Amino acid sequence: MILGPTGSGKELVARALHLLSPRRTQTLYTINCSQQAGGLAESQLFGHSRGAFTGAVGDEEGMFVRAHGSTLFMDELGELALPVQAALLRTVELGEVVRVGDGRLRHVDVRLVTATKEDIDARVRAGTFRDDLYARLDGEQVRLPALCERREDIMMLAAHFARLWTGGEEVRFSPGAREKLVHADWPHNVRQLQKEVGRALINAKGHRLIDATHLELRPVPVAPGAEKPAAANQAPGPSGPMVRPELATPDDRVRTAGRTLEDIQNEIYAKALARHEGNGAAAARELGIQPITLYRWKEQHGHQAA
């Protein structure tokens, strides 16, 4: 189950999982659940027989039968209608599908990869997603962060997209353009960044230097005293970005005289971990940083990751 906001690359991850699996020689099949009405989704997934409903002029195989021996990627799983969820539960439990309008069972062997931007836990509590289905599909989760949570990757991605747009040619970004990209708001995440780089190249009119004037981006408001994201041409240090002062609790605020930023950061990380009894994920959420940053810090300082 791949979780992440719109535009964060969930389908790319699904394709990578398929290509790295023993089923990579087979076709990856994809269905977007948000684009299918309830009855149509059931037909698309499980197939239908001739005359099962108006317009069913012949027998049709569903996605599960087509993907037999391969991988089926179900995008926007959270928007699947409840009646279809019940049918999907049977298939996941028994490995069987029943075509709409046909009582015969067909066995399928399918690797199922799902994705959603929705909060599935909230949908379960609201009664719009089956708890038993969630329990069976939630074998392993891959969580994709929003682009604004991984600003150190922005320029690497921008350079990559620029090469794609230019057919492999190198494109340079001025300091002003780098500053603007790194501090921009990205409500549509990586997908938006790719489009913005393409538009900037059009505005550059054939030049391979993107300047700030070629970009039309809205900056992220920065609270007074907050640290700005790391500069685009600076690699993050071994401990990742510094914790912003406003995210520290009162007892974390320490005197800086005679101390390095690394000393202060180490103390803040250690205290956050102590408050959460060594739970790195919970401590990272409190500090407003990525868990991987804290995990790397723990490894470097002799702590065991929780």
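Note that the structure is predicted; figures quoted are calculated from it, not measured. Note: hydrogens, waters and symmetry copies are ignored here, and every other heavy atom, side chains too, is used. We number each residue from 1, following the sequence as shown.
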Which atom pair, heavy atoms only, marks the closest approach of [X] to [Y]?
{"X": "His107", "Y": "Gly95", "answer": "ND1-O, 3.2 Å"}
{"X": "Ala158", "Y": "Leu193", "answer": "N-CD2, 4.1 Å"}
{"X": "Leu72", "Y": "Ala67", "answer": "CB-CB, 4.1 Å"}
{"X": "Ala87", "Y": "Glu42", "answer": "CB-OE2, 4.1 Å"}

Output all residues satisfying salt bridge (charged side-chain N to carboxylate O under 4.0 Å, His left out) with [X], sequence neighbours left out; order by chain, then residue number.
{"X": "Arg208", "answer": "Glu169"}
{"X": "Asp121", "answer": "none"}
{"X": "Arg172", "answer": "none"}

Where do Thr30 and Met63 land on the side-chain contact (heavy atoms from CB on, under 4.5 Å) test, with the steps shown first? CA-CA 8 Å; Thr30 300; Met63 283 289 189; over 6 Å; no
So with a 6.0 Å cut-off around [atom1] of [X], is the heavy-atom count from everything else above 12?
{"X": "Gln141", "atom1": "CD", "answer": "yes"}
{"X": "Arg23", "atom1": "CZ", "answer": "yes"}
{"X": "His188", "atom1": "NE2", "answer": "no"}

Verify, without hydrogens or angle tests, whether [X] (side chain) and [Y] (backbone) share a donor-acceptor contact under 3.5 angstrom.
{"X": "Arg123", "Y": "Gly78", "value": "yes"}
{"X": "Asp109", "Y": "Gly69", "value": "no"}
{"X": "His68", "Y": "Val108", "value": "no"}
{"X": "Ser34", "Y": "Glu79", "value": "no"}
{"X": "Lys10", "Y": "Thr116", "value": "no"}
{"X": "Asn203", "Y": "His214", "value": "yes"}

Would you kindly confirm whether [X] and [Y] end up in one hydrophobic cluster when ILVMFWY residues are joined by side chain heavy atoms under 4.5 Å apart?
{"X": "Leu164", "Y": "Met155", "result": "yes"}
{"X": "Leu80", "Y": "Phe64", "result": "yes"}
{"X": "Leu89", "Y": "Val65", "result": "yes"}

With sequence neighbours left out, what residues match [X] under side-chain hydrogen bond (donor to acceptor under 3.5 Å, both in side chains)?
{"X": "His18", "value": "Thr71"}
{"X": "Glu196", "value": "Arg199"}
{"X": "Arg163", "value": "none"}
{"X": "Arg24", "value": "none"}

Close side-chain approach of [X] and [Y], heavy atoms under 4.5 Å:
{"X": "Thr6", "Y": "Arg191", "value": "yes"}
{"X": "Phe46", "Y": "Thr91", "value": "yes"}
{"X": "Leu181", "Y": "Ile210", "value": "no"}
{"X": "Leu209", "Y": "Val171", "value": "no"}
{"X": "Val92", "Y": "Leu137", "value": "yes"}
{"X": "Ile2", "Y": "Leu17", "value": "yes"}
{"X": "Ser21", "Y": "Arg111", "value": "yes"}
{"X": "Leu45", "Y": "Met74", "value": "yes"}

What residues form a side-chain contact (heavy atoms from CB on, under 4.5 Å) with [X], not counting sequence neighbours?
{"X": "Asp153", "result": "Arg150, Met156, Leu157"}
{"X": "Leu82", "result": "Gln85, Arg130"}
{"X": "Thr213", "result": "Asp211"}
{"X": "Val124", "result": "Ile120, Phe129, Asp131, Tyr134"}

Would you mind telling me which of Val84, Ile31, Asn32 makes a side chain to side chain contact (heavy atoms under 4.5 Å, CB included) with Gln44?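 Output: one option passes, namely Ile31.
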Got a salt bridge between [X] and [Y], using NZ or NE/NH1/NH2 to carboxylate O under 4.0 Å?
{"X": "Arg66", "Y": "Glu61", "value": "no"}
{"X": "Arg90", "Y": "Glu96", "value": "yes"}
{"X": "Lys180", "Y": "Glu216", "value": "no"}

Could you tell me the separation between the [atom1] atom of [X] and the [atom2] atom of [Y], rounded to the nearest 0.5 Å?
{"X": "Gln192", "Y": "Ser8", "atom1": "CD", "atom2": "OG", "result": "13.0 Å"}
{"X": "Lys117", "Y": "Leu3", "atom1": "NZ", "atom2": "CG", "result": "12.5 Å"}
{"X": "Glu93", "Y": "Leu88", "atom1": "CD", "atom2": "CG", "result": "10.0 Å"}
{"X": "Leu77", "Y": "Thr114", "atom1": "CG", "atom2": "OG1", "result": "5.0 Å"}
{"X": "Leu28", "Y": "Leu19", "atom1": "CG", "atom2": "CG", "result": "7.5 Å"}

Hey, would you say the Tyr29 and Phe73 ring centroids sit under 6.0 Å apart?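 Centroid separation for Tyr29 and Phe73: 6.0 Å or greater.
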With sequence neighbours left out, which residue pairs that include part of residues 152-176 fulfil the ring pair (Phe, Tyr, Trp, His ring centres under 6.0 Å) condition?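 Found none.
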Given Glu140 and Met1, is the side-chain contact (heavy atoms from CB on, under 4.5 Å) satisfied, shown in steps? CA-CA 6 Å; Glu140 184 69 28; Met1 181 174 288; over 6 Å; no
